[in-house]
Amino acid sequence: MQQEIEHIHCLIIGSGPAGYTAAIYAARADMKPVVYTGIVPGGQLTQTTEVDNFPGYPQGITGPVMMEDLRVQAERFGTQVRFGYATKVDFSTDGGIHTVEIDGNKTVTADTVIIATGATAKWLGLPSEEKYNGFGVSACAVCDGFFFKGQDVAIVGAGDTAAEEATYLAKLCNKVHMLVRRDEFRASKAMVHRVLNTPNIEVHYNSETEEIVGDGQVVTGVKVKNNETNESKVLDVTGFFVAIGHKPNTELFNGILDMDETGYLITKPNATATNIPGVFACGDVQDNIYRQAITAAGTGCMAALEAERYLASKI
Ligand code: NDP
């Protein structure tokens, strides 16, 4: 029996702040959006605790509750939110109908596709890192640094993100230990200069994280090994920040959409349009600089408005 193929005006892949904001705008514009949530409905924010920097929540909110609110808001205007994972795409290069396979067994076609598949923070892979994630361990200094005001923290990484986050933390924290695994930074000269000229950042070169130390509830320190001398020491910190890069979730679009050398989707300047007409990208999947819920939501709004204009231009 032939499979029935569903046609959708506006297909949104991903359910973080970018995807749900795109859905709110698309639904209000009567584009009858369908969101496929991906494996983690709600995205990265469902794995964080307090969110204190999203405007509109004066008392803060937890990541999972905020994402639930966004889902409900998107559904209020008629968005269909479905659990499912895009497994294959076939984008029409001349702006025709785009085809997306869901969960390997369902095919949908769409006039417009909004990609909001996000990015995944890279972790060291230590069991203690996982154990204390959310209890002193974080992959986002801008999100969680505030909770460590006046305290001593450590950050691992030596790229631009780590350098930027270390200087951010230095403004809030008493002391920032920066753990660099080689004898040099990867970050740009300007960023390194800023780190080295911040008095309360101590850089530990040739230093690898062996273990996050805790009291069973929260982080109390980090065990660090010098890979030249093989000596280990424990630094007393209450916060441990991982800033060793992010991986955009773009494998599905390899060879189809334009990407930079690290896999982030390239969109047109000041826009969310990709190299394929009718396909838009928003949120962390196309942003390796800001990576905030609010910026993701902003580009989600842009993607829906651009998709709406694109559809209107085809009538
Ligand atoms: P990068 O990939 O540039 O850097 C990752 C860093 O983490 C490297 O220093 C790497 O060390 C280190 N690292 C990786 N794995 C481990 C590990 N297991 N243990 C210890 N250290 C580890 O990622 P970023 O997120 O910093 O930057 C991504 C891109 O975004 C870059 O192109 C960057 O320039 C850009 N960016 C730009 C910003 C801006 O313009 N304001 C701000 C932030 C990012 P090693 O050097 O030894 O490989």
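First listed ligand is number 1; within each ligand, the first listed atom is number 1.
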Inspect the surroundings of CD in E6 and state if more than 12 heavy atoms from other residues, nucleotides or ligands are less than 6.0 Å away. yes
4.0 Å protein heavy-atom contact status of atom 15 (N) of ligand 1, strictly under: yes
The protein heavy atom nearest to atom 10 (C) of ligand 1 is R181 NH2, 3.8 Å
Where is the nearest protein heavy atom to atom 39 (C) of ligand 1: which residue, which atom, and how far? E164 OE2, 4.1 Å
Is it the case that over 12 heavy atoms from other parts of the model lie below 6.0 angstrom from the CD atom of E251? yes
To check your reading of the model: name the closest protein heavy atom to atom 33 (C) of ligand 1, its residue, and the distance in Å. D160 OD2, 3.5 Å
In terms of residue, atom name and distance, what is the protein heavy atom nearest to atom 32 (O) of ligand 1? N288 ND2, 4.5 Å
Taking the side chain as everything from C-beta on, heavy atoms only, tell me whether D236 gets closer than 4.5 Å to T220. no
Atom 5 (C) of ligand 1 [closest protein heavy-atom partner, distance rounded to 0.1 Å]: I244 O, 3.5 Å
Distance in Å, Q286 CD paired with T267 OG1, rounded so as to fall on 0.5 Å steps: 4.5 Å
Are the side chain of N133 and the backbone of E129 linked by a donor-acceptor contact shorter than 3.5 Å? no
Measure from the ring center of F83 to the ring center of Y36 and say whether it is less than 6.0 Å. no
Per-atom filter on ligand 1: closer than 4.0 angstrom to a heavy atom of L124 are 17 (C), 18 (N), 19 (N)
Just say parallel, tilted or perpendicular for the rings of F91 and F253, cut-offs at 30° and 60°. parallel
Do any nitrogen or oxygen atoms of A162 come within less than 3.5 Å of a nitrogen or oxygen of ligand 1? no
For atom 26 (O) of ligand 1, what is the closest protein heavy atom, and at what distance to 0.1 Å? T161 N, 3.0 Å
Taking only heavy atoms of V156, which atoms of ligand 1 are found under 4.0 Å from at least one of them? 20 (C)
Any donor and acceptor pair, going by atom type alone, linking the side chain of T79 with main-chain N or O of A74 inside 3.5 Å? yes
Using a cut-off of 6.0 Å, state whether more than 12 heavy atoms not belonging to K314 lie near its atom NZ. yes
Write out the residue and atom name of the closest protein heavy atom to atom 8 (C) of ligand 1, then the distance separating them to 0.1 Å. R186 NE, 3.5 Å
Where the closest heavy atom to atom 45 (P) of ligand 1 is concerned, which of K122, E165, R182 has it? R182
Look at atom 23 (O) of ligand 1 and say which protein heavy atom is nearest, naming residue and atom and giving the distance to 0.1 Å. G245 CA, 3.7 Å
